[in-house]
Amino acid sequence: MLHLPKKMLYALEAVVDIAFNARPDPVQSKEITQRQGIPQRYLEQVMQQLVHTGILKGVRGPRGGYRLARERRRITAGDVIRAISAADMGEDTQIFSSDIGQLVVGPLWIEAQASMLAQLDSVTLEDLCRRANVNCQEETTASRADFDI
């Protein structure tokens, strides 16, 4: 099974949390850490990358935090993954040294990644917030108040 790096998963969780909770005030990173359990050391790094790539906007001041830079329906899960992936790209991206690796396995891996990104591009933050609302409604009334996203 393919696994996304923790940093990418944390980025998705943080952006969905902001999309779900950023009304009317910006969301502070400490709130995301409390709700999602994302380690603060990863979160600040991820948030800065997302601001730099135009997914989030940083808001300064005592009630500052983070907001989406665009509408929820205009940001996809693929956008978030690409933002983090681009920031982490190294100089040497060639991982195969043999001919079979370069000519057979490498292209297969590129196709698999393209398919995964196409799937992630079909899901907006609006879609993910709707899923959160549905999951929230499936919870009992008592636990609904405790639902953290």
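Side-chain atoms are counted along with the backbone in the values below, which use heavy atoms only and exclude waters and symmetry mates. Because the structure is a prediction, the values reported are computed rather than measured.
- Annotation: ring-ring contact (aromatic ring centres under 6.0 Å, His included) contacts involving residues 48-86, sequence neighbours excluded, are absent.
- For V104, the side-chain contact (heavy atoms from CB on, under 4.5 Å) test picks out I100, with sequence neighbours left out.
- In this structure, the side chain of T33 does not engage the main chain of P39 through any donor-acceptor pair within 3.5 Å.
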(request) Would you check, one step at a time, whether the test side chain to side chain contact (heavy atoms under 4.5 Å, CB included) holds for R35 with D17? (result) CA-CA 8 Å; R35 282 191 292 262; D17 185 289; 2.7 Å; yes

(message) What verdict does the side chain to side chain contact (heavy atoms under 4.5 Å, CB included) test give for F20 and L128, after you've listed the backbone C-alpha separation in whole Å, the side-chain angles of each residue and the deciding distance to 0.1 Å?
(response) CA-CA 9 Å; F20 196 78; L128 294 174; over 6 Å; no

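- Identified under the side-chain hydrogen bond (donor to acceptor under 3.5 Å, both in side chains) test for residues 56-65, with sequence neighbours left out: D25-R63.
- Each salt bridge (Lys or Arg N to Asp or Glu O under 4.0 Å) pair with one or both residues in residues 116-125, not counting sequence neighbours, appears once here: R82-D121.
- Taking the side-chain contact (heavy atoms from CB on, under 4.5 Å) definition, one finds that I81 meets it with L4, M8, L12, L117, L120, sequence neighbours left out.
- In this structure R74 satisfies the side-chain contact (heavy atoms from CB on, under 4.5 Å) test together with R70, E71, sequence neighbours excluded.
- Proximity of Q36 to L43: side-chain heavy atoms (C-beta onward) are nowhere separated by under 4.5 Å.
- Taking R72 as the reference, A19, R23, L68, L125, E126, C129 meet the side-chain contact (heavy atoms from CB on, under 4.5 Å) condition, with sequence neighbours excluded.
- Looking at residues two or more places apart in sequence or on another chain, you find no salt bridge (Lys or Arg N to Asp or Glu O under 4.0 Å) involving E44.
- In plain terms, the two heavy atoms of I75 and I55 that are nearest each other are CD1-O, 3.8 Å.
- Pairs passing the ring-ring contact (aromatic ring centres under 6.0 Å, His included) check and including a residue from residues 23-44, sequence neighbours excluded, read Y10-Y42.
- Counting heavy atoms from C-beta on, the side chains of V123 and R131 come closer than 4.5 Å.
- A donor-acceptor pair under 3.5 Å is absent between the side-chain atoms of R67 and the main chain of I18, judged by distance alone.
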